[in-house]
Structures are given as structure tokens and as C-alpha cells.
Number of protein chains: 2
Amino acid sequence: MELDLDDLEPVSRRSTAAIVADRLRHAIMRGTFPPGAQLGEVEIATRLGVSRGPLREAMQRLVAEGLVRSERHRGLFVRDLDAADVRDVYTARAAVERAAGLLVVAGDRTEAVVVLTAALADMEAAAAAGDAVALADADHRFHQQLVAASGSPRLRRMADTLLVETRMCLAALQDNPPPPAELVAEHRALRDAVRDGDEARLVATLEKHMTDTVARILDVTPSPRSSRPHPPAPPDQPL
Amino acid sequence: MELDLDDLEPVSRRSTAAIVADRLRHAIMRGTFPPGAQLGEVEIATRLGVSRGPLREAMQRLVAEGLVRSERHRGLFVRDLDAADVRDVYTARAAVERAAGLLVVAGDRTEAVVVLTAALADMEAAAAAGDAVALADADHRFHQQLVAASGSPRLRRMADTLLVETRMCLAALQDNPPPPAELVAEHRALRDAVRDGDEARLVATLEKHMTDTVARILDVTPSPRSSRPHPPAPPDQPL
DNA sequence: GCTCGTATGATTGTCAACAATCCGCGGCGT
DNA sequence: ACGCCGCGGATTGTTGACAATCATACGAGC
């Protein structure tokens, strides 16, 4: 008796707080609000067309995610990440994506290969076009769908949060983009490892990708203009 | 010129939203609000002596953590976890605690051994006294401090959330406690692995602990009174 | 007898105003 | 000239009330 009504989403959309949180997350990710910037409640509320009530709820959600820092009677500020935070984000990402990758390899990986290949194609296209932001978008989607393919909602949520923080880091130095060739090559290696179902190679490639990326970020951080080869990891210099 | 004023917390305490979020988290953890229960805003707000504004902010924080589920114009409900969620919590915990354990072993593990030994002693005392809730508390603290000793704030936050969910699972079947002897033994093995700095043994012990625990939980779930040995993992039976 | 439409009660979503607190600036005293 | 004190402006924290929405119960119609 059933038609194909399987995937009809009910009209009851999400709460406005969730929508506002998404909007703000996107804005922070894009760098619209630079790290350390104060988020005035009234301005943002009026700009989004909502009152301060829902806006504050959305802010609390972002605080729980660690994207904004709340100082009592001072205001809400976008968290600025120092070098230690960058390393921390990538160690956490390594832990989450490793677990997700193992689940993907252990399960049905055909669908995963499809979506990963699609994201990889977008990366290649963006790299060819020299579009840094599209490249970052595709990179983001690659890792997002890798974790999503694991079928673990908790790993997925953690990865989403961490990926937003990753974009925050990258937005701070988007004038100094990573070499697209290496990036694409590393992701292709990841896709290949998933395709072949090679656990060990997937894990090794993933961890190498993480350490490489954090090195790429931190090496160029201290002085964005000079590209000296390898200053041995400055202690804690802020971005 | 400095006295020992290092750890003086400023008078400006945290926002009330954070406080009520902590309070609610504790209540959910203890099982005061059973899974699936509706959380009436006015009742809880009046009971806590705050208005609905801060309470809603705290609720959004808990929603972001995945502890409560919000249905638009219906209300807020404590998330009830089925068997798949239990497995998911423990796979995520395994990923996080594995990474944290590796960081601990790679770094200065003397302090970690101290706090882990203290938590282990509490577990032994609770086990000897037959106090199930104290045992669960000590267990909680053991894993919490293991991750905290890694020095990674993001792993710490993830672990805290996951540990609360773990307690939610356990609260649902606290009338069917796990055998204390095995629990203590496994944690002692974990502490020993950390003490000896044996990466491989630590990881192996950790993953065994996780799979053992999830098996303990799911085996007794279908019919809490009958303790048949090993029904091979019921597909998705709710708690 | 069953189903559909309607009234009702309660709960959530939203808003605008009030109170408390903090930062920056000018004036005063030393 | 330097430091302390108080004030003004602005922002956040909180509150209570209003509007929108949904679940339930009851009665009419087929």
C-alpha cells in the first residue's frame, strides 16, 4: 500500500536556534568573523532577523562545540587558535578518522568509495582551476563523508566539529594556501586505501596526512611572507 | 612576590546556563530523569530557581552534546539509547581513549600513574564495599583522568560527553551490576600498561575492555532477570 | 461503530523591557 | 605629572508576558 514516501521530511523544520547556529558556524568557518572578534548580540540578532533569545541559545550551542568563548558580562568572542590548538585539532581528527576509516573498511565500502571519489574529483577540479576555497570545500567534504560512511553518529558529530575548527585555522592563513598537488595526491592515496580495503595502509596514510597538514600549517605561521624550509616547530606562537 | 595564588578562581563564576547544564547533566547521569522522559521547562526552571531563558540556553547546550533531543513544539526529551547507541558510544570511546592513552605513554606518565592508581584504589574499595554507584563513579573518574592526562582539551571534552552517555546506559540497568572483580582487574591492567609504558599492551587492553564492557551491557539487556551466557548479540533491541 | 471536525488545555517559541555589570574617560587630589 | 575616584555609555543577564503550535477529549455525521 506504500508508495515511495519513504524519505519525506516532515514540514516541522528544525528549531530556529539550530538554524542560527548553522548560519553562525558557516560564517565563522568562512572567516566572516575573524578569530578573537567580539560577537555583539544585538547586531547579529537584528542582522539575522531574530530576537536575542534564540540567538543566545544558538550561541550556547557554539560554546558547547568550543567555537566561541563566553566571558561573563564581557561578551562572546570567536576562539582564536594557537599552535597548540592546531596540533590538538589534528590529533583529535586523527583519532576520529582512524576509527571511522577502520569501520568503513570493515563494513560495506563500495558506497564510501563512490562518495570519496566524487569529492576527490571536486578537489582535482578545484586544484586545476586554482580555486583555493573550492579546494578547501572539497577537502572538507572528503573527510566529512569518510567519517559519515562509518555509520557512527558520534564519530560523525565529533568530526564535524573538528572540521569546522580546521576551517577556522585555514581561514586565518588562506592567503598562504597549501600546494594543491600534494593535497590531492594524499587524498587520492586515502581513497585508494579505502578502495583496496587495506587497513594498515589506510591508517598509515591517514596519520601521515594529518602530520603533514599540521606541519604545512605551522611552518608558514610564524612569518607568512618568508617560506623558510623547516623551523623546528615554534613552541606556542599564536596565529 | 607571588604567594601561592596560582589557582585562585576568579569570583566571576561561570554563566548560569553552564551551571544549570551541569546540574541537568548530573541529574540525567544519575537517572533522575529516566531516558525518554519529557523535560518540562517551567517545572525544571522553577525547581532550579531560574527563569526559562537560561534554562533553554542550558538545554541547547545539552542538545549539542546529544544528551537530550528536541522536538519542535513538542518538548525536550532525554535521549533513550538502544543497543546500536551503546555500541556506538563504546567504539567512540575506544577511539578517543586509545589516542589519549598513546599521548600519555608518549609523554610524562608519572603523574598519570598517580591519579589512575588513586581511582583504581577507589574502585577496589567500592567493590569491596559492594557499592555499585561508588564503583561506577570511580570507573568514570578513572577514564576521565586517563584522557585528561593526555593534555588534549578536545579529546577531554569528547571523552566527558561520552562518559556521561555511558553513565546513562548504566543507570538504565543499575539493578543488574557488572561483576566487580573483572572490572577492577581490567582497570588494573590498564594502569599497569600505562605504568610500564607499553603502547601495544595498553591499546590491546583498552580495546578488550571496551568490547568486554559492551558485551556485559548488551548480554543482560534483553531480559534483565535471566542471565543466560551468550545470546549472540541481539540485533537492535531497545533497552 | 467508526471516523472526522472542533474545542480546550498545556507547552513551547518568541519578544521587548528591566536590572546588573563592565569598559573608557574626565576630573580631582597629591 | 602621576594615580585614584566617579560617571556615562554600552553590553550582557534575566525576567515576565504574549503568540503560535500541538496533543487530547468530546461530539456530530456517515
Expressed in angstrom and rounded to an integer, what is the separation of [X] atom [atom1] from [N] atom [atom2]?
X      : N       : atom1 : atom2 : value
I19(B) : dT14(D) : CD1   : C1'   : 14 Å
R14(B) : dG13(D) : CZ    : C1'   : 16 Å
L55(B) : dG13(D) : CG    : C1'   : 15 Å

| field | Test item: M59(B) and L39(B) side chains (from C-beta on) under 4.5 Å apart, heavy atoms | value |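 Yes, at least one pair of side-chain atoms sits under 4.5 Å.
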| With side chains defined as the heavy atoms from C-beta onward, is the minimum distance between V214(B) and M210(B) less than 4.5 Å? |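 SC-SC contact between V214(B) and M210(B) ruled out.
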| message | Please find the pair of heavy atoms, one from L146(A) and one from V104(A), that lie closest to each other, and give the distance. | response |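 So the minimum-distance heavy-atom pair works out to O-CG2, 3.6 Å.
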| said: For D22(B), is there an ion pair with R25(B) - N to carboxylate O distance below 4.0 angstrom? | reply: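 Between D22(B) and R25(B) there is a salt bridge, with a charged N closer than 4.0 Å to a carboxylate O.
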| query | Would you say the side-chain atoms of Q38(B) pair up with the backbone N or O of R74(B), donor to acceptor, closer than 3.5 Å? | reply |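 Yes: the side chain of Q38(B) pairs with the backbone of R74(B).
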| field | Set of residues satisfying ring pair (Phe, Tyr, Trp, His ring centres under 6.0 Å) with respect to H209(A), sequence neighbours excluded | value |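 Expected list: H143(A), H187(A).
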Below 3.5 Å between N/O atoms, which protein atoms pair up with nucleotides 6-12 of chain D? Just atom names and distances, please.
unit_1  : atom_1 : unit_2 : atom_2 : d
dT12(D) : OP2    : E41(A) : N      : 3.4

| message | What's T16(A) touching, base or sugar-phosphate or nothing? Going by heavy atoms closer than 4.0 Å. | response |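 It contacts sugar-phosphate atoms only.
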